[in-house]
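Just below is one structure, and these are the notes that go with it.
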Amino acid sequence: MAKVRDRTEDFKDAVRHTALSLGYDESKLAAILANFIIHKRRQRSPFTKAALKTLESIGTLEHFMLKHRKDYVDLHRTTEQERDSIEHECLKIAWSSGIGGFGWDGVWERLPVSAFIKACQEQIDVLKNSINDEEDTSKGWFGIRADKFNADTVAHKHGVVLSLSERLHSVTSQFDQLRAIRFQDAISKATPRRKFKPVVKSSSEDASKSNNLDVRELDQFRPEPLKVQQQLLDDETRALQVELSSLLDAVQQTETKMVEMSALNHLMATHVLQQAQQIEQLYLQFKCLEMGIGISN
Amino acid sequence: MVLVSAARDYVNRMLQDISGMKVLILDSHTVSTVSVVYSQSELLQKEVFLVELIESTSLSRESMSHLKAVYFLQPTSENIQHLRRQLASPRFGEYHLFFSNILKDTQIHILADSDELEVVQQVQEFYADFVAVDPYHFTLNIPSNHTYMLPAVVDPGNLQHFCDRVVDGIAAVFLAMKRRPIIRYQRTSDVAKRIAQETSKLMYQQESGLFDFRRTEISPLLLVLDRSDDPVTPLLNQWTYQAMVHELIGIQDNKVDLRSLGKFPKDQEEVVLSSEQDSFFKSNMYENFGDIGMNIKRLVDEFQQAAKSNQNIQTIEDMAKFVDNYPEYRKMHGNISKHVTLVTEMSKIVEERKLMLVSQTEQELACNGGQVAAFEAVTNLLNNENISDIDRLRLVMLYALRYEKESPVQLMQLFNKLASRSPKYKPGLVQFLLKQAGVDKRTGDLYGNRDFLNIARNMARGLKGVENVYTQHQPLLFQTMESITKGRLRDVDYPCIGNHFQQGSRPQEVVIFIVGGTTYEESRCVALQNATNSGTRFVLGGSVVLNSKRFLKDLEEAQRIARSSTSVV
């Protein structure tokens, strides 16, 4: 090991000497010397603070999903309704001063998952927009206004935003996977289902039409005594009741099917996005290969 | 080896304790120090993403507070002024200051005064104030090297400056090696005596605490010599690889600039010749030109073998293997084309300047006797149209150094012929050289004709014949080293500073410093001597690394100053 000499002590002495000659009082002197021992930490910019909060909330979302994953997936553990409630149930982090103000309050309440995911996405978008604003107004180190944007820090901020959105995507894709498992039956029976529905509908329509015809026939051709009429009215009401209940069932079924369809739509959208990403990756790889071959030639 | 590893150790320690992204700021001297021992890729591994010179750092206004600044500078007043300005308006988050030599207290006060924003985290002295070009060879790259030739009265300020720089450099070398030596110097040289005295004062009085290392039984030796004691070696043409490249093209900080020789592709304009990084160079740097040719041919054949096997790409596995091996293949290709280019260019120069012919006569002048034959040979070459001016000048100088006292008439004839043939020749240059380094000024037995032992040895050698007529010269340094190993360095010729002298001692570590510059022929001599494991390890250093062009330039510059000063007086 070669010889070195540490002159930091001499330097500190010189600083102390200079401070005394400039007339610093005891407290300032102590502050200066303390700075040598414990280095002042660089202040975190508001951008960094907001980004860290977003990261934290995405983390809690993931945590919640993992916790209820077992319940959600297992077909016999929960009913459809309970699943729906889990989907709609989540943690809400309310912010007091609004999205644009970088001020977050941690208050735990309940809110739909999808809304929550949307909120996270919005937050990320706001961060992205704020990059440009902050560069404009930031004062740089020690209040020296920078003449031009520091390309490194801008690139760093873009990278932070990108990694946050990737994290959100990975969490939502996990969620989509769970949904896919839930609707697996729906996906597999998708085609036959569609054919089934109109048939059911038409039969029910025929049934209702035939009921009406019967009733009108009865009215026209047989001016019966009141008792018979009442019985007929009762029959009518009963038939109407049956019709209404069957319509109600049909409506309920279509509602669930609509929900399923929207979920399937969403799944398809994510699959298409995945494919697009894969295509882009392949393209990039080909580009690299082409460049590599060019260089080696 | 110890100097290269000491310099690397310093740079490592500078960078490893500081976490995060760093910027390294150097000055024009420390950039040489760092570049010969540390490569750019190694700096990147230590998270140094930007390297700047302190002069240009002041010009840029961009603030990069996420970077930590590591400054490695010589403690000169210009650098302190630059630092003052940069500390007053800091661009970086933290400032870590490292200096390559001892800081004066006033300099620390100036820095403390300007650090208003408290950005300085540490101030250290890391004594890497030398350029370790080879394992046993260092240089100080002093620009005003010619100053050593001038007597003190001519320009005392510059001479003081020169001596201070030399003393600081030598001090840094010993601090890096953690040794305090016994100091001896060449009796006939005033500048060597002065440097030896000032070094002794620094090590034993002014900073005796700093140099107080563990004492070994036999102290190491610092021997301060003067270039004028052996003016022949820098004038000769060289035929071993490293020395030849420096003589014909020029090596600076282990880099060769080929741009002056013609058009080259971008990556061959400036090449690196470092024994640390290039194993072919390491095994061939001291070989003869002929042997190098053969070795390069062998290397090219090996490479072609490898290339041919790469051509047989049949399967996917072959392709994968090819892509895996491609970077190494590329590196080998680059290395080989570098050596081939160098050897080709040197062959061209040898052919153009008829150096085979000239060198034969040079070696005769340096080694063998026979004044009449020598005179004839030199006259013939002077008459030869194809010989360049610089070669003619060298021949006359070599003749004059050898046959200074014999037949002055013929010497005069040669001077006149030289003046008439070479239009750019500065008259009186050879006489100036003789005044500096003539036989009266020399201590050592340059031609082996003072000592009976040497005369006998020369006769024996003459009878035996030489292996290679172009490399028969051995620098005077070889004899000096031999005397040291045997403990027979005469006190009369090389007195000791102070009273530490141990009669007949054989030191184990010796640093020889040649004021005025070393040559690669001498560093080769030292390396070969160290390889014999004689029990003594030699390290060679100088104010610059000379070739004949540099030596002549220093001579001309000194003559010009000497002339102008006498005219004023």
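Sequence lines set the chain letters: A, B, ... in the order given, protein chains first and strands last, and positions in each chain run from 1.
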side-chain contact (heavy atoms from CB on, under 4.5 Å) between Phe174(B) and Lys3(A): does it pass, once the steps are laid out?
CA-CA 9 Å; Phe174(B) 280 98; Lys3(A) 174 91 183 175; over 6 Å; no

Per-residue contact mode, Asp9(B) against chain A (heavy atom under 4.5 angstrom)
side chain

Go through the structure and list residues passing salt bridge (Lys or Arg N to Asp or Glu O under 4.0 Å) with Arg7(A), not counting sequence neighbours.
Asp10(A), Asp105(B), Glu125(B)

Please determine whether the number of non-hydrogen atoms from other residues, nucleotides or ligands lying under 6.0 Å from atom CD of Gln16(B) exceeds 12.
yes

Non-hydrogen atoms of chain A under 4.5 Å away: do they reach the side chain of Arg13(B), the backbone, both or neither?
side chain

With a sphere of 6.0 Å drawn around CZ of Arg167(A), does it hold more than 12 non-hydrogen atoms of other residues, nucleotides or ligands?
yes

Side chain / backbone / both / neither for Tyr127(B) at chain A, heavy atoms under 4.5 Å:
both

Side-chain contact test, heavy atoms from C-beta onward, threshold under 4.5 Å: evaluate it for Thr8(A) versus Gln121(B) and give yes or no.
no

Closest approach of Val123(B) and Asp6(A), non-hydrogen atoms and distance?
O-OD1, 3.2 Å

Proximity breakdown for Leu97(B) and chain A, heavy-atom pairs closer than 4.5 Å:
neither

Neighbour count >12 (heavy atoms, 6.0 Å) for atom CD1, Ile316(B):
no

Which answer fits Phe213(B), side chain, backbone, both or neither, if we ask what part of it has an atom under 4.5 Å from a heavy atom of chain A?
side chain

Is there side-chain contact between Phe98(B) and Val4(A), with at least one heavy-atom pair below 4.5 Å?
no

Ile102(B) CD1 to Arg5(A) CZ distance, which is reported to the nearest 0.5 Å:
5.5 Å

Under a 4.5 Å cut-off applied to non-hydrogen side-chain atoms, are Phe11(A) and Gln122(B) in contact?
no

